[in-house]
2 protein chains.
Amino acid sequence: MADRAQYEELMRQLSAIGSVRRELGRILPGGCSSVAATVLALLGHDGDMRIGRLAELLAVDMSVTSRHVAHLAARGWIDRSPDPADRRSRILRLTPEGRAMLTELSAHTARTLARRLSGWSDEDVRRLTCLMARLRESFEDPWTGREPWAEQPPGTAQDPGAGPSDERPPRTPAVTT
Amino acid sequence: MADRAQYEELMRQLSAIGSVRRELGRILPGGCSSVAATVLALLGHDGDMRIGRLAELLAVDMSVTSRHVAHLAARGWIDRSPDPADRRSRILRLTPEGRAMLTELSAHTARTLARRLSGWSDEDVRRLTCLMARLRESFEDPWTGREPWAEQPPGTAQDPGAGPSDERPPRTPAVTT
DNA sequence: TATTGTTATACTCTATAACTATA
DNA sequence: TATAGTTATAGAGTATAACAATA
C-alpha cells in the first residue's frame, strides 16, 4: 500500500509512457501500423484464434478488432476461415506473407530495443516486463475477487455476476455532452 | 542485453499497457479528459511553465499542446498570462478552480490505484515507477547521446544526407501520397 | 532569420449503436 | 433470446504544414 505521492508519480509515468509507444510505432517496416504489428505478434505468439479472443487480448472492443482484422486481411497478412464448429465465427490465421512480415517486425523490434536499451541489464528488462504484465492484470476484472498474479488457469476469467464488488460496469458511462 | 524473446515480450506489454491507461481515463471526475488531467498534474507538480516546456514534458508536438491548453483555459482551470521577458510566450498557471480540480483528481487517482493495486507492495509500486521513468529516458534524444552501439564513424551524427545509415530521421518521413 | 505559439487539416485508434447471421 | 461479428458514426489524441507575432 503506497502513499498518495507515489500513486501520483506512477500516474505521471503511465501518462508519459505513451511517448515510448509512439516512438516505437513511427518507423515500422512494410507500411505496418502499430496495431497491425501488435495483431501479428499476438497471432504469432498465441496461435490461431477467433476475433473475440483477439479483442480480449488487445483489450479493445470487438468492433475495433474487426476493423483492424479486416485491414490485415486486405493486406494479405492473415486469413479468416469459417469456424466449422460455430458458423458465426471465423478463425484468424497468419498467412505465409503475414509470417514473413512478423519475422521482419520481430527483427526490427529486437534491433530497436537493443539499441535504446543498451544500458539495461537483462534482469531489469525482465523486471519491467513482469511488473507491466502484473499491472495490466491488476486492472482486469476488478469486480471478481481473485488474485490475478497468482497462477490461474486461463478460461476461468469471465464470470459476470459473481462478484459482490462495489465497482460496477467497466464500460463508459455515456457521453456527457 | 536481453534476447529477442524478451524484447518481444516487452513489446507486447508496451502495446497492452494502453488498456490500463484507457481504463484509468474512463471515469475521471468533473468532465476531465485524460490529457487534461495530465496537464493539471504536470502544472501542479512542476509549477508554472510555458507551452513549449509543457509540450516537452508531454512529449507531443507543440501544436497539440496548444490545443489542449486552450481547452483547459476555456474550462477556467489554467490561465495564460503574457511573459514579460518574451512577449511571444505565455506563462501557464493553475487557477484556483484548476487547483481544486487537481486536488479532486489526485484523490480520485489515489483511491483508484489503492484499490486496483491493493495486493502490491510499496516496494513494487516504486520499482515499476522507476523502471518506467528509466524506459522513457532511454527513448529521449537518442541521436544526441551517441553510444558505442552504432558502428558509425564520428562526425556523421546529425548530418542529413551524409551517411547511408538506415536509421536516421526521428520525424515521420512525410506523407507517401 | 529564427523562435514561440496558433490554426487548419488529416490520420490513427477507440467506443457506441444498429445491424446480420447464426446459435 | 442470446451471441459472434460487421458496419456506421462520433470522439479523443496526435502530426504536419502554413501562418502570426516577436526576438
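A donor atom on one side chain and an acceptor atom on the other are found under 3.5 Å apart for B:Thr95 and B:Glu97.
With A:Glu8 contributing its side chain and B:Ser106 its backbone, the two residues share no donor-acceptor pair below 3.5 Å. In this structure, the side chain of B:Arg21 does not engage the main chain of A:Ile17 through any donor-acceptor pair within 3.5 Å.
The side chain of A:Arg22 contributes no N or O atom lying less than 4.0 Å from OP1 or OP2 of D:dG13. For A:Arg26 and C:dT12, the shortest distance from a side-chain N or O to OP1 or OP2 is not below 4.0 Å. Phosphate contact (OP1/OP2 of D:dG5, side-chain N/O of A:Ser89, threshold under 4.0 Å): present.
More than 12 heavy atoms of other residues, nucleotides or ligands shown are found within 6.0 angstrom of CZ on B:Arg136. The environment of B:His108 atom NE2 is dense: over 12 non-hydrogen atoms of other residues, nucleotides or ligands sit within 6.0 angstrom. Dense packing is recorded around CZ of B:Arg80, with more than 12 heavy atoms of other residues, nucleotides or ligands lying under 6.0 Å away.
Residues forming a salt bridge (Lys or Arg N to Asp or Glu O under 4.0 Å) with A:Arg127 (at least two apart in sequence, or on another chain): A:Asp124. Applying the salt bridge (Lys or Arg N to Asp or Glu O under 4.0 Å) criterion to B:Asp46, with sequence neighbours excluded, gives no partner residue.
Here the side chains of B:Leu14 and B:Leu135 are in contact, with some heavy-atom distance below 4.5 Å. B:Gln6 has its side chain within reach of A:Asp122: a pair of non-hydrogen atoms, C-beta onward, lies under 4.5 Å apart.
Atom CD of B:Glu23 is separated from atom P of C:dT14 by 14 Å (rounded to the nearest Å).
Applying a 4.0 Å cut-off to non-hydrogen atoms, the residues of residues 63-78 of chain A that approach DNA chain C are A:Ser63, A:Val64, A:His68, listed by residue number. Interface residues of residues 44-62 of chain B facing DNA chain C, ordered by number: B:Arg50, B:Ile51, B:Gly52, B:Met62; criterion, heavy-atom separation under 4.0 Å.
Among the protein residues, B:Arg80 comes within range of the sugar-phosphate backbone only, with heavy atoms under 4.0 Å from sugar or phosphate atoms but none that close to a base.
In this structure, B:Leu28 belongs to a hydrophobic cluster whose other members, linked by side-chain heavy atoms under 4.5 Å apart, are B:Val35, B:Val39, B:Leu40, B:Leu42, B:Leu43, B:Met49, B:Ile51, B:Leu54, B:Leu57, B:Leu58, B:Val60, B:Met62, B:Val64, B:Val69, B:Leu72, B:Trp77, B:Ile78, B:Leu92, B:Leu94, B:Met101, B:Leu102, B:Leu105.
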- Encode nucleotides 18-23 of chain D as B, S and - characters from 5' to 3', where the letter depends on protein heavy atoms closer than 4.0 Å: B to the base, S only to sugar-phosphate, - to neither. ---BBS

